[in-house]
Colleague: 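Here it is, the structure, as C-alpha cells.
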Amino acid sequence: MKKMIKTIITLAIVMTGLLISGCTDSEPASQQQFNHNLPVVPVAVNVTIGEALADPYAHETIRVTGIVNQTINVMGYTYMEITDSTGSLWVAGYSTQLDNGTEITATGNLNIEFTSPTMGRTFDIILFANSISGGTTSVSNSPHGGPHGSGDIVTGDINVTPVDGGTRIEDIKSMSSELDGQVVKVSAEVVKNVVLIDDYFLTLDDGTGQLKARCPNIFNVSLGDSVVVTGSVMTDVDLGSGYYYEVLLQITDLE
C-alpha cells in the first residue's frame, strides 16, 4: 500500500513538472512569433573595395572606405567614384558636395548591372549608399533605400511655401548645433515614407533640402503628402548598423 502511494505521488510530481514546462514553452513561442513582425536591421560588414568587387553577393549590407576620385551630380543624386589600395567602386547617394581627395566611408547595398537613364550609363557594380560620412560631409542618405526598409521617391521639382513661423530645412541643417533640442515647424512634402511598427520614417523636402524625420503612427501620413510638421531637432543620431544621421526631426504634431 505504501509503495502504491509513493508511486502515485511520484507520478503526480512528474505530471506537475510537465504542465509547468508546457506553460513555460508556450510563452517564448508567442514572443518569437511577435518578433518575426519586427523590422530586421541588416548588420553592415566592413570590406575592402576589392573584396566587394570580387564577391558582391557575400553580404547584404557592406561598409567601405575610400578616396573620392570624381563626382557626377545629377538631379537629386551624386555619383562618386572612390578607390582604396584594392580597387575602385562607384557609389550613389543623395546630392552632396565632396571634393576630390576626400576620404569617405559609405554604407549600403551593392547592385549589379545598374543602368542610370539620367547618365545613360550602366555600372557593372555600384553601391547604393544608406549613409556616407567623411570629410565635411556627415551623411548622405541613399535615394535607393532607407533604414529598416524601403520606400518610394517622389520625383519632380519641389518648391514649398514656408509656413508662418516655420523654419526651412536648409536652415535646420546649417544651424543644427544651435537648434539641437529645439522645437521647429516645417512645411514640406513627404518624398519617402518607410512604415515601421510604431513610427513612420519620413524624408521631407521643401525645395531647400531634405530632412529625415520620425513620425508616430498615430498620425495619418502618406507618400506625396504636403504637410506641416512640428518636432524636436535631434543631432548625432546613431540608429545602428551604419544608419547615422547628423540631423533627425522627431515629429510631435502634423497638420
Side-chain angles (χ1 to χ4, degrees), residues 39 71 73-78 92-98 118 129-133 135-240 243-255:
T71 59
N73 291 308
V74 299
M75 183 170 292
Y77 310 139
T78 296
Y94 275 143
S95 293
T96 187
Q97 297 296 323
L98 288 170
T118 305
N130 294 322
S131 68
I132 297 172
S133 60
T136 58
T137 299
S138 297
V139 62
S140 171
N141 302 311
S142 170
H144 308 284
H148 313 297
S150 60
D152 296 322
I153 297 296
V154 176
T155 59
D157 295 333
I158 294 176
N159 185 15
V160 178
T161 302
V163 65
D164 290 341
T167 306
R168 304 294 270 173
I169 288 177
E170 65 177 352
D171 295 330
I172 292 174
K173 288 187 169 183
S174 64
M175 300 187 300
S176 60
S177 58
E178 294 91 340
L179 292 174
D180 187 19
Q182 302 296 312
V183 175
V184 297
K185 181 176 286 188
V186 180
S187 178
E189 288 188 19
V190 179
V191 297
K192 189 172 184 181
N193 181 13
V194 178
V195 180
L196 306 179
I197 291 180
D198 298 319
D199 306 279
Y200 299 104
F201 201 94
L202 308 177
T203 302
L204 305 176
D205 193 327
D206 66 354
T208 69
Q210 294 188 336
L211 179 66
K212 290 293 186 181
R214 298 190 75 162
C215 178
N217 62 11
I218 59 173
F219 301 110
N220 185 17
V221 59
S222 300
L223 188 69
D225 284 353
S226 295
V227 297
V228 177
V229 300
T230 301
S232 299
V233 177
M234 304 167 61
T235 61
D236 296 327
V237 180
D238 189 351
L239 301 179
Y243 298 115
Y244 167 81
Y245 298 91
E246 183 181 46
V247 186
L248 184 68
L249 185 67
Q250 180 61 55
I251 294 175
T252 55
D253 191 26
L254 184 146
E255 304 173 25

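We count residues from 1, following the sequence as given. Side-chain atoms are counted along with the backbone in the values below, which use heavy atoms only and exclude waters and symmetry mates.
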Colleague: Any sub-3.5 Å donor-acceptor pair from T208's side-chain atoms to E170's backbone N or O?
Modeller: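 Checking the backbone N and O of E170 against the side chain of T208, a donor-acceptor pair under 3.5 Å is found.
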Colleague: Under a 4.5 Å cut-off applied to non-hydrogen side-chain atoms, are V233 and V247 in contact?
Modeller: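 Side-chain contact under 4.5 Å: yes.
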Colleague: How far apart are the closest heavy atoms of T167 and V186, and which atoms are they?
Modeller: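 Result for this residue pair: O-CG2, 3.7 Å.
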Colleague: Using atom types as modelled and distance alone, determine if a side-chain donor or acceptor of T235 lies under 3.5 Å from a backbone N or O of S177.
Modeller: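 Flag not set: sc T235 to bb S177 has no pair under 3.5 Å.
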Colleague: List the atom of S232, the atom of V183, and the distance in Å for their closest heavy-atom pair.
Modeller: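 Where S232 meets V183 most closely, the heavy atoms are OG-CG2, 3.9 Å.
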Colleague: Please round to the nearest 0.5 Å and tell me the distance separating atom OG of S174 and atom CD1 of I169.
Modeller: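 Going from OG on S174 over to CD1 on I169, the span is 12.0 Å.
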Colleague: Are V229 and L204 side-chain neighbours, meaning at least one heavy-atom pair lies under 4.5 Å?
Modeller: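 Yes, their side chains come closer than 4.5 Å.
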Colleague: Side chains of I172 and L211, heavy atoms from C-beta outward: is any pair under 4.5 Å?
Modeller: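 Sidechains of L211 and I172: in contact.
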Colleague: Can you measure from CG (D225) to CD (E189) and round to the nearest 0.5 angstrom?
Modeller: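 If we round to the nearest 0.5 Å, D225:CG and E189:CD are 9.0 Å apart.
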Colleague: Answer whether the closest heavy-atom distance between the side chains of D238 and D236 falls below 4.5 Å.
Modeller: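 They are not in contact (no side-chain heavy atoms under 4.5 Å apart), so the answer is no.
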Colleague: Has K173 got a side-chain atom pairing as donor or acceptor with Q210's backbone, closer than 3.5 angstrom?
Modeller: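 Flag set: sc K173 to bb Q210 pair under 3.5 Å.
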Colleague: V190 and side-chain contact (heavy atoms from CB on, under 4.5 Å): which partner among T203, D205, L202, L254?
Modeller: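 Per the side-chain contact (heavy atoms from CB on, under 4.5 Å) rule, the option paired with V190 is L202, out of T203, D205, L202, L254.
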Colleague: Which pair of non-hydrogen atoms, one from Q250 and one from M234, has the smallest distance, and what is that distance?
Modeller: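 Scanning both residues, the minimum pair turns out to be CB-SD, 3.6 Å.
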Colleague: Short question: side chain of D253, backbone of T230 - any donor-acceptor pair under 3.5 Å?
Modeller: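 It does not hold such a pair.
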Colleague: Taking the side chain as C-beta and beyond, is there a heavy-atom pair between K185 and P162 under 4.5 Å?
Modeller: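 Contact flag for K185/P162 side chains = no.
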Colleague: Between OG of S176 and CG of L249, what distance do you get to the nearest 0.5 Å?
Modeller: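 S176 OG to L249 CG: 12.5 Å, rounded to 0.5 Å.
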Colleague: How many angstroms lie between atom NZ of K212 and atom CG of L248, to the nearest 0.5 angstrom?
Modeller: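 Reported value, rounded in 0.5 Å steps: 9.5 Å.
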